[in-house]
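Both counts, for ligands and for their atoms, begin at 1 and track the order of listing. This chain uses plain numbering: 1 for the first residue, then up along the sequence.
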Amino acid sequence: MAYKFATKAIHAGQHADPSTGAVMTPIYQTSTYKQASPGDHKGFEYSRGTNPTRKALEDCLAALENGQFGLAFSSGMAATDCVLRLLKPGDEVVTGDDLYGGSYRIFTKVYEQYGIKFVFVNTSDSEEVRRGITEKTKLIWVETPTNPTLKLADIAEIGKIAKENNILYVVDNTFASPYLQNPLDLGADIVMHSATKYINGHSDVVMGALILNAEDLYKQLFFFYNAVGGTPGPQDSFLALRGIKTLHLRMQAHCENGRKVAEFLKNHPKIEKIYWPGFEDHPGHDIAKKQMKDFGGMISIVLKDADLQETFRIASRFTVFTLAESLGGVESLINHPATMTHGSIPKEAREKVGVVDNLLRLSVGIEDAEDLIEDLKQVLS
Ligand SMILES: *Cc1c(COP(=O)(O)O)cnc(C)c1O
């Protein structure tokens, strides 16, 4: 039976423990599993490859993204790395020019040295993606909404281009979460998540995930997952499973608070520019309306007449927002992309896509919106 999102978030992949009846999935804190005779086991041999707590999480993640298979990793970057291992020297990748800094870093500093070429285009224009393709293109990697300027890519339109050209198509769905957007339904072959963010949602776990439908592709990815070994332990898997049980409620609160904070900031005299896809004048608003359930709690602002020093001063004065990297937790965070999350991108490349020195990114949490607005009011006054 096809259950709806909230039911899947609470139950998918999870069964009362057969040996004790424990309702919550136990933390199977074990590296290995007894075999009755060599090869005669219960589906678990060694915890780098498989662990029952992680398996419950992977099945739950797959259900949330409407996929057949889920793979959990010890970080979002380990998940990204697993996909990139499918490539061979000479292959090309078409990807966005406004990416998570760590994705840009693994592309250019790790995989370029193995002879893989990355072509960076503005993915909010699907035709630019098409123009970036050559006969060597093996992968399209899209992030939407992008980090930090919240540009939207049309997942379905790019999916058609990928299919026409027989190219593997991955969507990094970290910013939207499976609650707001399901790329597999729109033509993606693989969904990637930094589960560190909204999925776990409590800023106490670093984890990544891949979700997909094709069994042959799953087998290839599982090979690298086990062979390379960037898999999470049972404690973290348990925490992520627990976090997911409130994903739908948290996302509703993030979206509601995001809207209130964005509306407060929109006409503030200290704000030169605001990026939030819920505004009708945001260039990606129509795409967001088409493919997302709501507009999320991520907002970026450019401060008016603020140099780096003034921007630092403002970023350091909050009392409810915390100045920190990361996003998607229950608590509100503020981040200075140019020196923090996107510090690994050369100044020229980041400024071209709007990651200027006076840009701040807000991850609006689920505290009382009035307290968040008061905090912003104080700091900006
Ligand atoms: C954080 C993040 C990643 C990397 O994930 P980690 O869990 O930090 O390794 C990748 N993509 C996006 C959009 C992110 O925000």
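Following chains of ILVMFWY side-chain contacts shorter than 4.5 Å, one cannot reach Leu61 starting from Phe222, and the two form parts of different hydrophobic clusters. Cluster membership check: Leu241 shares its hydrophobic cluster with Val205, using side-chain heavy-atom separations under 4.5 Å among Ile, Leu, Val, Met, Phe, Trp and Tyr.
Here the CG-CG distance, from Asp286 to Leu152, works out to 9.5 Å after rounding to the nearest 0.5 Å.
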Pick out the protein N or O atoms lying less than 3.5 Å from any N or O of ligand 1, and list each pair with its distance.
{"from": "ligand 1", "atom 1": "5 (O)", "to": "Ser194", "atom 2": "OG", "distance (Å)": "3.0"}
{"from": "ligand 1", "atom 1": "7 (O)", "to": "Gly76", "atom 2": "N", "distance (Å)": "2.9"}
{"from": "ligand 1", "atom 1": "7 (O)", "to": "Ser194", "atom 2": "OG", "distance (Å)": "2.8"}
{"from": "ligand 1", "atom 1": "7 (O)", "to": "Thr196", "atom 2": "OG1", "distance (Å)": "2.7"}
{"from": "ligand 1", "atom 1": "9 (O)", "to": "Gly76", "atom 2": "N", "distance (Å)": "2.9"}
{"from": "ligand 1", "atom 1": "9 (O)", "to": "Met77", "atom 2": "N", "distance (Å)": "2.9"}
{"from": "ligand 1", "atom 1": "11 (N)", "to": "Asp172", "atom 2": "OD2", "distance (Å)": "2.7"}
{"from": "ligand 1", "atom 1": "15 (O)", "to": "Lys197", "atom 2": "NZ", "distance (Å)": "2.8"}

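Relative orientation of the Phe120 and Phe107 rings is tilted, given thresholds of 30° and 60° on the angle between their planes.
Considering Asp97, Thr123, Asp98 as possible partners of Lys151, the one that fulfils the side chain to side chain donor-acceptor pair (under 3.5 Å) test is Asp97.
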Which pairs of donor and acceptor atoms, one on a side chain in residues 161-168, lie under 3.5 Å apart (sequence neighbours left out)?
{"from": "Glu164", "atom 1": "OE1", "to": "Arg130", "atom 2": "NH1", "distance (Å)": "3.0"}
{"from": "Asn165", "atom 1": "ND2", "to": "Ile161", "atom 2": "O", "distance (Å)": "2.8"}

